[in-house]
Amino acid sequence: AQSVTQLGSHVSVSEGALVLLRCNYSSSVPPYLFWYVQYPNQGLQLLLKYTSAATLVKGINGFEAEFKKSETSFHLTKPSAHMSDAAEYFCAVSESFGNEKLTFGTGTRLTIIP
Amino acid sequence: GAGVSQSPSNKVTEKGKDVELRCDPISGHTALYWYRQRLGQGLEFLIYFQGNSAPDKSGLPSDRFSAERTGESVSTLTIQRTQQEDSAVYLCASSLAGRRLEKLFFGSGTQLSVL
């Protein structure tokens with residue numbers, strides 16, 4: 001069975017500082033991994049996804065995530081936070097063979113301090 | 001419309017009543033998903049429709065929950081005899097046909113409150 005753990009339900013960083021949102025997964029087969037973002041009063045949007053190609057995945061708005069099989073992690077990073085990055089971020093996993101269901105983490109709310 | 005549309009955006013109901021939630025996916029998207037998000041929890045998969053295939057209902061929590069989809073368009077999620085634990089945001093998402101794990105486009109959700 002697949003599962004996702006997001007460490008830290010709330011993260012605050014200063015504007016211009018590094019953003020690091022943690023995600024660890026559990027999967028019995030090679031996974032597909034995703035980060036989704038939900039801005040205030042909007043639906044979830046895909047930030048980036050890993051589908052067994054390059055382990056470092058670049059997404060929109062300057063975010064990237066690195067798949068580390070040895071650590072079963074897929075942490076999301078951005079070198080310099082912007083006020084517009086304030087949102088809720090969800091990590092998700094899907095098993096790569098025949099499983100259409102995305103399993104989501106509980107989310108991390110990112111606050112940017114001016 | 002340009003995105004996934006859900007209605008109503010908010011629904012308050014009394015325990016024991018039936019409710020129906022609607023989802024209009026993006027035109028041309030044959031895959032449609034329903035998720036539920038309880039307060040402080042992750043998104044919980046409920047059901048998945050793909051074209052004319054039998055839906056994957058493995059996430060429905062009880063027989064009080066059912067969903068239908070008309071062809072490749074509108075879907076309705078029905079909750080019968082609502083309970084307080086059904087209170088949550090119900091999210092619908094759609095994606096392109098035949099492209100497994102293509103990105104999902106989410107609606108803004110229906111906030112259901114059962115009193």
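What you are looking at is a predicted structure, and each value in this text was computed from that prediction instead of being measured. Naming convention: chains lettered A, B, ... in sequence-line order (proteins, then strands); numbering from 1 in each chain.
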Spell out, yes or no, whether A/W35 and A/F63 are grouped together once hydrophobic residues are joined by side-chain heavy atoms under 4.5 Å, including indirect joins. yes
Single-linkage hydrophobic cluster B/V19~B/I47, side-chain heavy atoms < 4.5 angstrom: yes
In terms of hydrophobic clustering (I, L, V, M, F, W, Y; side-chain heavy atoms under 4.5 Å; direct or indirect links), are A/V4 and A/Y50 co-clustered? yes
Close approach to chain A in residues 105-115 of chain B, criterion heavy atom under 4.5 Å: B/F106, B/G107, B/S108
My understanding is that only one of B/Y48, B/Y35, B/Y33 makes a side chain to side chain contact (heavy atoms under 4.5 Å, CB included) with A/L102; could you say which? B/Y35
Would you give the length of the straight line joining atom OG of B/S95 to atom CG of A/L46, rounded to the nearest 0.5 angstrom? 11.0 Å
Verify same cluster id: A/F104, B/L91 (apolar side-chain graph, 4.5 Å): yes
Would you indicate whether B/E85, at its atom CD, is surrounded by more than 12 heavy atoms from other residues, nucleotides or ligands within a distance under 6.0 Å? yes
More than 12 heavy atoms of other residues, nucleotides or ligands under 6.0 Å from CG of B/L39: yes or no? no
Check the surroundings of atom CD in A/Q42: do more than 12 heavy atoms from other residues, nucleotides or ligands lie under 6.0 Å from it? yes
I need the A/Y36 OH to B/L43 CG distance, nearest 0.5 Å. 10.0 Å
Would A/V37 and A/V57 show up in the same hydrophobic cluster when neighbours are defined by side-chain heavy atoms closer than 4.5 Å? yes
To the nearest 0.5 Å, what is the distance between CD (B/Q37) and OG1 (A/T106)? 9.5 Å
